[in-house]
Amino acid sequence: MWPRAARGYRARANQHPLIETTMQIPRSSAPQGAPYHAANLDEDICVHIFTTSAVMLGVCMTVVGVLHVVTVLRNVDTLGDDLLSIDSLIYLASCLSAYWALRTRRRKRNQILERTADWLFLIGLVISAIATGFITWAIAGS
């Protein structure tokens with residue numbers, strides 16, 4: 001049996017006001033085409049874009065630094081470090097627009113910023129793949 005203090009704490013925790021506000025509405029009782037479901041989903045994607053683009057920005061900067069060391073040691077010149085430098089700016093723009101979308105309260109501006117962050121992130125991924133090809137080709141060819 002739980003000690004008396006623990007039982008009292010559990011009873012008070014069930015009456016906490018935040019528990020009622022964070023409860024999920026079951027899908028069966030939600031109205032069809034509910035706009036708040038899409039808004040929560042968009043915000044969730046925006047949070048993922050924000051965090052992942054910030055991580056990819058750090059990855060690009062790290063690879064540019066490591067690539068600079070490798071190119072100096074092997075006397076190899078590659079287009080990959082230039083592409084990754086541009087790519088880091090694209091990820092930065094994606095990260096900032098996702099952050100702005102999370103902070104704004106206007107629905108129209110929020111949708112534009114989310115779409116912008118999404119497209120910038122996808123463009124950044126494509127450029128990352130292209131830069132990886134250039135880096136592999138330059139290092140394997142030497």
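Just the heavy atoms: all of them, side chains too, but no hydrogens, waters or symmetry mates, feed the values below.
Clustering of Ile, Leu, Val, Met, Phe, Trp and Tyr side chains at separations under 4.5 Å places Val69 together with Leu73. Under a 4.5 Å side-chain heavy-atom cut-off, the cluster of Ile, Leu, Val, Met, Phe, Trp and Tyr residues that includes Ile112 has no other member. Using a 4.5 Å cut-off between side-chain heavy atoms of Ile, Leu, Val, Met, Phe, Trp and Tyr, Leu113 falls into a hydrophobic cluster with Trp100.
Partners of Val126 according to the side-chain contact (heavy atoms from CB on, under 4.5 Å) rule, which considers only residues two or more places apart in sequence or in another chain, are Ile130. Ser128 meets the side-chain hydrogen bond (donor to acceptor under 3.5 Å, both in side chains) test with Asp87, Tyr91; sequence neighbours excluded. Applying the side-chain contact (heavy atoms from CB on, under 4.5 Å) test to Arg105 and every residue at least two apart in sequence or in another chain returns nothing.
The two residues Ile127 and Ile90 have their closest heavy-atom pair at CD1-CD1, 3.3 Å. Closest approach of Ala117 and Ala98 over heavy atoms only: CB-N, 3.7 Å.
A 4.5 Å side-chain heavy-atom check between Glu114 and Asn110 finds at least one atom pair inside the cut-off. Using a 4.5 Å cut-off on side-chain heavy atoms (C-beta onward), Cys95 and Leu57 make no contact. Within the 4.5 Å cutoff, the side chain of Ser97 has heavy atoms near those of the Leu120 side chain. Annotation: side chain of Leu84 is not in contact with side chain of Val59 (no heavy-atom distance under 4.5 Å).
Residue pairs meeting the ring-ring contact (aromatic ring centres under 6.0 Å, His included) criterion with at least one partner in residues 48-75, sequence neighbours excluded, are Phe50-Tyr99. Every pair tested for side-chain hydrogen bond (donor to acceptor under 3.5 Å, both in side chains) that includes a residue from residues 54-63 fails, sequence neighbours excluded, so the list is empty. Sorted by first and then second residue, the side-chain hydrogen bond (donor to acceptor under 3.5 Å, both in side chains) pairs involving residues 51-61 (not counting sequence neighbours) form an empty list.
Expressed to the nearest 0.5 Å, how far OG of Ser88 lies from CG of Leu83 amounts to 11.0 Å.
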